[in-house]
Amino acid sequence: MRRVAVVGTGYPKHKSRWEEEGLTGLVYLAATEALEDAGLEPADIEAVVYGSSPELLTGINHPEKWCSEASFSVGKPQFRIHTGGTVGASTGIAAFYFVASGMFDIVLAVTGDKNSESPVQYGLSTVYDPIIGRQFACGAPSAVALQALEYMYKFGATEEHGAKIAVKNRINALRNPKAHLHIEGINLEMVRNSPMIASPIRLLDACPASDGAAAMIFVSEEVAKKLSAPKAWVNGVSAVTEGVMYVDRDMTDPIALKKAAKTAYTQAGVTNPFKEIDVAELYEAFSYQEMIWYEGLGFCERGEGMKLIDEGSTFMKGIDYGFETPRAGELPVNPSGGVLSSNNIGSTAMIRQIEASMQVRDKAGEHQVDGARVALAHGWGGGIQFHTVMILGREPA
Amino acid sequence: MKKIAIVGYATSPFKPGIRDIHLGELVFNTVQEALKNTGMSIEDIETVVDASCDIIDGRSISNTFMIEPMGAFLKEEAKVEEDGAYATIYAYMRLLTGKFKTAMVVSHGKISESSPDTYSGTIADPFFMRPMGITALTSTALHVSTYYGHYGIDEKYAAMVAVKNLGNAKLNPRAHNKGDYTVEDVLNSEVLATPIKKLDSPPVTDGAAVIILAVEGEAEKITDTPVWIRGVGFINDGFYLGHRDLIELPSLREAARRAYAAAGIKNPAEEIDIAEVYESYSFNELMLYDGLGFCEKGEGWKLIEEGTTCRDGKLPVNVSGGALGANPLMARGLVNMIEVATQLTGKAGEHQVKKDLKTGLVHSTSGFCFQSNVVWILSNEKG
Amino acid sequence: MAEPVKEIKGRLIIPYRWSYGRSLSLFFEHTRVEKKIYGARCTKCKRVLVPPVVVCGRCFAPTEEEWVEVADRGELIAWTTVYYPFPGQPTQPPYTYGYVLLDGANTKFPHLIMEIEPEKLKPGMRMEAVWNEDRKGDLYDIKYFRPEQK
Ligand SMILES: [Zn+2]
């Protein structure tokens, strides 16, 4: 298979309401930033993959058509990927395949959404089965609440673990100027006192609804060698799905994630993920999920995700979180602030890939993990069933 | 580049409304049928790419509940929110990497659960097009007025396309909208949006379609009659109709040019033996002849007048009856692929074209007035 | 110059009619007429799916050949109390819903949970269906689940 590298990324600052830009404008901002980062011109792009959230959220069908000009895809091959929350990652992965297939050498992957333009949880409630389930849906929070509760009862995780993750990622976000939420003084007390939205999930255990966009440039090895921009090599890629209503489903055991991780690790030559991965960007739309994903990704044994929180292994070194984190820096997770700090849905899983590639390209600025050589990006979507894993490396595998 | 073949396929029945079958069951039945036709089991499928639309399904992330029926459980899977002929591009690229040996493409649409006008009307942007009520029908009417006006083409030629396609559909069990009509019948049918009339227009169709692809080496083991992909091109155009060249149709022309280049086709009118194009409305088919290079610019009408594109003509187009015969949104592109594959392997039964076939063209489109186009070249020879 | 206009308001109203298909038609016929819950047994792994779907995801095998009555009671697996309001919400918060593993079934059944304070819910708690008197052949043939009455 051809080697593929990420040579440019961009995403505008996320916020509650981008008044001065519509969807097309945000997509344009992201695409131009990624091109600039790569040192490329719009004319260099050979093909475009577009991704965004469910159209019942945005009210726009085929948004990739509307965004043709903004995504530099007039006169070029283009289509839209749509896999719910995973979509940003699925779009990046599709761009990887565009290049790896040998059909194209320079491909733009671009995603965007304006969650401010509709009631997001109404839209997300239409993911539920219309015949059995939609009647009492409360968007993403209610689905994940059931998962979180099951995890708490099964393994003894507490609200404290959720709160610590919520604080970790929000404090990390203070070092990421592009994150939507910058909550000065965030602490456990604030999380505990925030209103319950769907028990056990409190407002501060949940991601915000953001306006935003994101873009990445994927190129072949041949092109990569000619560019001066630092590279993030795509060393492992997998997107695996499980079902929704299958027998003996255990929401605390993400079987699709396990399989995707295994596939990506094999490709990238990772044998001990906790030791070999230097930094990870996970899709923790709600705080509790981060622990479940640690387990699915093999960072620890099943039921031990909370240990990594207790011991502080996934916290950034040298940051005071207001509680003890003795093993901080072992495997920092979500230095960008994660999904808990920005979520426009369409771009969110792509931003995991962007942030992971920024880390191995030494471009993460204030939230850089020193010397990161191997980074992992994760996404989930649908009925908590689609999982994507991408391993990015400073060197090709 | 690796050679990839279509090794299996199936479609559901196509009807104006499949009211008694749940969407999941429709998909499950069709996937099972495709596997059965191919002698494969679900374990033999390494990756699944699906094509469906949230707005049509009334289910956001429309593949959420389709994973089990598609047999994608614990497989590498992705959804392309486009017609199935686009999802096939993604499956094709996945196979080209060598990471997978087999891939299944699944497309479905039960448009009777909502409505075709909702599907196309929501593609319109909220600022300029929605206030005007732009839909597939009204945008096509504007397009026809532009293109037919520019070349001075009489609407009777579009009526002749309708007569051809509705007549072809009679022999095709996969078509449900069919009949013996005259040009006068078409011209005298109810006007929907000038100059488009009822008999120029596609029916409402529910259905699903599935194809299975395999790489060279595997394909020959699965079937004695693989249909080889010889080339593909797909190109997008700008969004606003007023910004686009609706006469030259650059995205269609360039998609075709790339597919021809990949397949080594120099003179499409001579080298292509059969074509299935996504015409949607009869008027569009003449523009497609033009954009695909089957004729000189603006001279599509000659092909229908001379009978070139009729079923016994030199280059039969839409012997299936086309979208006028059955228009399952999201699945029509795969239906076109399946029709051409069936014809190229001599398996089309009653509507088999009675001549030697070697090279077939498949076209599909997405957006208003052919904004985006995909062109596939298929052959019964590996090349 | 006055403040420029920055947005336009709109609304998307799309009527749908979602087909039940044979298995859900039959399922809701049993709930409507008999106040009974039926599942479909996978023809391969023999486990029972409620609500019935035509295919067992793990096995990619059809389920419909064998219909099995399951209990209208079972164990509470997980639940949430929803407080978050949004426009167009089908049920007005606060309300509690969760998954009940019905006796005889291998998939969890979602429904509202009432007649108990949420703080008193425990995993594994026995729950039972409360049937609606006015049944129309939809999910609300069962009004909600409540703790099993001894
Ligand atoms: Zn089974």
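Of the listed residues A/Gly243, A/Pro200, A/Gly133, A/Ala198, the one with more heavy-atom pairs under 4.5 angstrom with chain C than any other is A/Ala198. For the options A/Met251, A/Met196, A/Glu20, heavy-atom pairs under 4.5 Å to chain C are most numerous at A/Met196. For the set A/Glu19, A/Gln121, A/Gln135, A/Glu117, the count of heavy-atom pairs under 4.5 angstrom toward chain C peaks at A/Gln135. Options C/Asn106, C/Thr91, C/Thr96 differ in how many heavy-atom pairs under 4.5 Å they form with chain A, and the most are formed by C/Asn106. Chosen from C/Pro90, C/Gly88, C/Cys42, the residue pairing most often with chain A at heavy-atom distances under 4.5 Å is C/Pro90. Of all the listed residues (A/Ala145, A/Gly59, A/Pro119, A/Pro130), the one sharing the greatest number of non-hydrogen pairs under 4.5 Å with chain C is A/Pro130. Of the listed residues (C/Lys9, C/Arg47, C/Arg11, C/Lys6), the greatest number of heavy-atom pairs within a distance under 4.5 Å of chain A belongs to C/Arg47.
Separation of atoms OG1 (A/Thr126) and CD1 (C/Ile14) is listed at 9.5 Å; rounding is to 0.5 Å. The structure places CD1 of A/Ile201 at 13.0 Å from OH of C/Tyr83, a figure rounded to the nearest 0.5 Å. Rounding to the nearest 0.5 Å gives a distance of 6.5 Å between OH of C/Tyr20 and CD1 of A/Ile131.
Taking the charged nitrogens against the carboxylate oxygens, A/Arg17 and C/Glu7 do have a contact shorter than 4.0 Å, which makes a salt bridge.
Looking at C/Leu121, only its backbone comes within 4.5 Å of chain A, counting heavy atoms on both sides. Contact annotation for C/Leu101: neither backbone nor side-chain heavy atoms come within less than 4.5 Å of a heavy atom of chain A. Proximity to chain C is limited to the backbone of A/Ala137, based on heavy atoms less than 4.5 angstrom apart. In this structure, no portion of A/Ala206 lies under 4.5 Å from any heavy atom of chain C. Proximity to chain A is limited to the backbone of C/Ser19, based on heavy atoms less than 4.5 angstrom apart. Proximity to chain A (any heavy atom under 4.5 Å) is shown, for C/Val82, by both the backbone and the side chain. Interface remark: C/Leu12 contributes side-chain atoms only to the contact with chain A (heavy atom separation under 4.5 Å). Heavy-atom distances place both the backbone and the side chain of A/Tyr122 under 4.5 Å from chain C. Using a 4.5 Å cut-off between heavy atoms, A/Tyr151 makes no contact with chain C at all.
Summarising the geometry of A/Leu149 relative to C/Ala78, their closest heavy-atom pair is CD2-CA, 4.2 Å, with the distance given to 0.1 Å. Looking at every heavy atom in both residues, A/Val247 comes nearest to C/Cys56 through CG2-SG, 4.3 Å.
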**Study point:** Step-by-step side-chain contact (heavy atoms from CB on, under 4.5 Å) determination, C/Phe28 to A/Ile132
**Key:** CA-CA 11 Å; C/Phe28 287 121; A/Ile132 296 173; 3.9 Å; yes
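Looking only at side-chain heavy atoms (C-beta outward), C/Phe86 and A/Ser125 come within less than 4.5 Å of each other. For the pair A/Met245/C/Pro51, a side-chain contact is recorded, criterion being any heavy-atom separation below 4.5 Å from C-beta on. Counting only heavy atoms from C-beta outward, the side chains of C/Thr107 and A/Arg249 never approach each other to under 4.5 Å.
Ring geometry for A/Phe136 against C/His111 counts as tilted: the plane angle lies between 30° and 60°, on a 0 to 90° scale.
Residue A/Ser142 is tested with C/Tyr95, C/Tyr84, C/Tyr97 for a side-chain contact (heavy atoms from CB on, under 4.5 Å); the sole match is C/Tyr97.
C/Arg58 contributes no side-chain N or O that, together with a main-chain N or O of A/Tyr246, makes up a donor-acceptor pair within less than 3.5 Å. Under the 3.5 Å distance criterion, the side-chain polar atoms of A/Ser199 are left unmatched by any main-chain donor or acceptor of C/Thr80.
Environment of CD in C/Gln149: crowded, with over 12 heavy atoms of neighbouring residues, nucleotides or ligands closer than 6.0 Å. The environment of A/Lys262 atom NZ is sparse: at most 12 non-hydrogen atoms of other residues, nucleotides or ligands sit within 6.0 angstrom.
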